[in-house]
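Order of the sequence lines fixes the chain letters, A, B, ..., with proteins taken first and strands second; residue numbering starts at 1 for each chain. Bear in mind that the values here come from a model prediction, so they are computed numbers and not experimental data.
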Amino acid sequence: MTWPTEPAELIARQQELVRTQPELWAPPERFLIGGVWTCFPRGLVGPGSATDRAWTSAVVLDGRQVVAMELVTDHASGPYLPGLLALRLGPLWNDVVRRLHPRPDVLLVDATGRDHPRQAGLALQLGAVLDLPTVGVTHRPLTASGDWPADERGGTSPLTIGTDQVATWLRTRKGTRPLVVHPGWRTDLPMAIRIVSASLAGHRTPEPLREARRLSRRARESENL
DNA sequence: GCGACAG
DNA sequence: ATCTTGTCGC
């Protein structure tokens, strides 16, 4: 499986992907949750390009214990264009997650799923390529819209495209901006909310994503010190 | 035409 | 993603 380098190629891949109907994942009692994150140099403006350096990390957590971590220092694979995030991050995320041992049972990514111009965001595509259930967690929706939930931990409210609910706002902490939780590859809405809620450990952002971000930022900062 | 637009 | 001050809270 390869990653498209041109918008037209990626769009064609997304149009295939949207027709795929994988079997829903059946989470066991206890499972390993992974997270992946990419940092870019400070001061970048605009969509960026393949010349941008990128620090990408992935982790696996068993409860709160980090049982695997990988860091890849490389370059972005392309610019960021709305709806075409895979051009910038697809190959990086794919590579770093494949290095993890043990592999996670489910992976958290900063990307959307069905909330996408072609209903085929990177959370879905990465899961399909890696054959791994995924859940998307973003700061804001891409295409969907919906009002915020009440300011109570655990509060949710629908994010819809037309009449379809494609994601949900989730208030992970009282008094903070809600996150957007996206069902990804082989996950549905209730499952995605359950997985994110179970990995919060008291913070606004799920621990696997916080840990991966820590590693990436630490690597970036350690170069100019 | 104008604005919005995952990271 | 990154750029941004102060501020409230554990």
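- For B:dG7, neither phosphate oxygen OP1 nor OP2 lies less than 4.0 angstrom from any side-chain nitrogen or oxygen of A:R88.
- Residue A:W37 contributes atom CH2, which lies 8 Å from atom C1' of C:dA1 at whole-angstrom precision.
- Put simply, CD on A:Q14 is 14 Å from P on B:dA6, counting in whole angstrom units.
- Taking atom CH2 on A:W55 and atom C1' on C:dT2, their separation rounds to 12 Å, with Å as the unit.
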As a quick check of understanding, evaluate side-chain hydrogen bond (donor to acceptor under 3.5 Å, both in side chains) for A:H182 and A:R114, giving each step before the final call. CA-CA 7 Å; A:H182 307 261; A:R114 250 66 234 204; over 6 Å; no
DNA chain C in dot-bracket form (Watson-Crick or G-U pairs under 3.5 Å, [ ] crossing, | inter-strand) is ..........
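- The side chain of A:D110 lies closest to B:dG7, out of B:dG7, C:dT2, B:dA6.
- A cation-pi contact links A:R88 to A:F40, judged by a cut-off of 6.0 Å to the six-membered ring centre and 45° from its axis.
- If you take CG of A:L122 and P of B:dC5, they are 19 Å apart, rounded to a whole angstrom.
- In this structure, the side chains of A:W3 and A:V129 come closer than 4.5 Å at one or more pairs of heavy atoms.
- Note that CG of A:L159 is 11.0 Å distant from OG1 of A:T112, once rounded to the nearest 0.5 Å.
- DNA chain C lies under 4.0 Å from no heavy atom of any residue of residues 141-155 of chain A.
- Across all strands, A:G121 comes closer than 4.0 Å to base atoms (heavy-atom distances).
- We find that CG of A:L92 is positioned 13 Å from C1' of C:dA1, with the value rounded to whole Å.
- Taking atom CZ of A:R53 as the reference point, atom C1' of C:dA1 lies 15 Å away to the nearest angstrom.
- Within 4.0 Å of A:G83, counting heavy atoms only, lies at least one base atom of the nucleic acid.
- Between A:R217 and C:dT2 there is a side-chain polar atom (N or O) within less than 4.0 angstrom of OP1 or OP2.
- Closest to the A:Y80 side chain, of the nucleotides C:dC3, B:dG7, C:dA1, is B:dG7.
- Between the side chain of A:T112 and the base of B:dA6, at least one donor-acceptor pair of N or O atoms lies under 3.5 Å.
- In terms of heavy-atom proximity, A:P149 sits nearest to A:R171 at O-NH2, 2.7 Å.
- Picking from C:dT2, B:dG7, B:dA6 the nucleotide with the shortest atom distance to the side chain of A:R140 gives B:dA6.
- Going from atom NE2 of A:H139 over to atom P of B:dC5 covers 14 Å, rounded to whole Å.
- With respect to the salt-bridge test (charged N to carboxylate O, under 4.0 angstrom), the residues A:K174 and A:E152 qualify.
- One atom, CZ of A:R42, and another, P of B:dG7, lie 18 Å apart when rounded to the nearest Å.
- Here A:R220 lies in heavy-atom contact (under 4.0 Å) with sugar-phosphate atoms only.
- Nearest heavy atom pair, residue A:D115 against residue A:A144, reads OD1-N, 2.8 Å.
- Residue-level contact check: A:P41 touches the backbone only, with heavy atoms under 4.0 Å from sugar-phosphate atoms and none from bases.
- A salt bridge links A:R53 with A:E223: the closest approach of a Lys/Arg side-chain nitrogen to an acidic carboxylate oxygen falls below 4.0 angstrom.
- Of all non-hydrogen atoms in A:C39 and A:R217, the two that sit nearest each other are SG-CG, 3.3 Å.
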Exercise for the section: Take A:T143 and A:H116 through the side-chain hydrogen bond (donor to acceptor under 3.5 Å, both in side chains) test and state the conclusion after the steps. Expected result: CA-CA 6 Å; A:T143 295; A:H116 182 274; over 6 Å; no
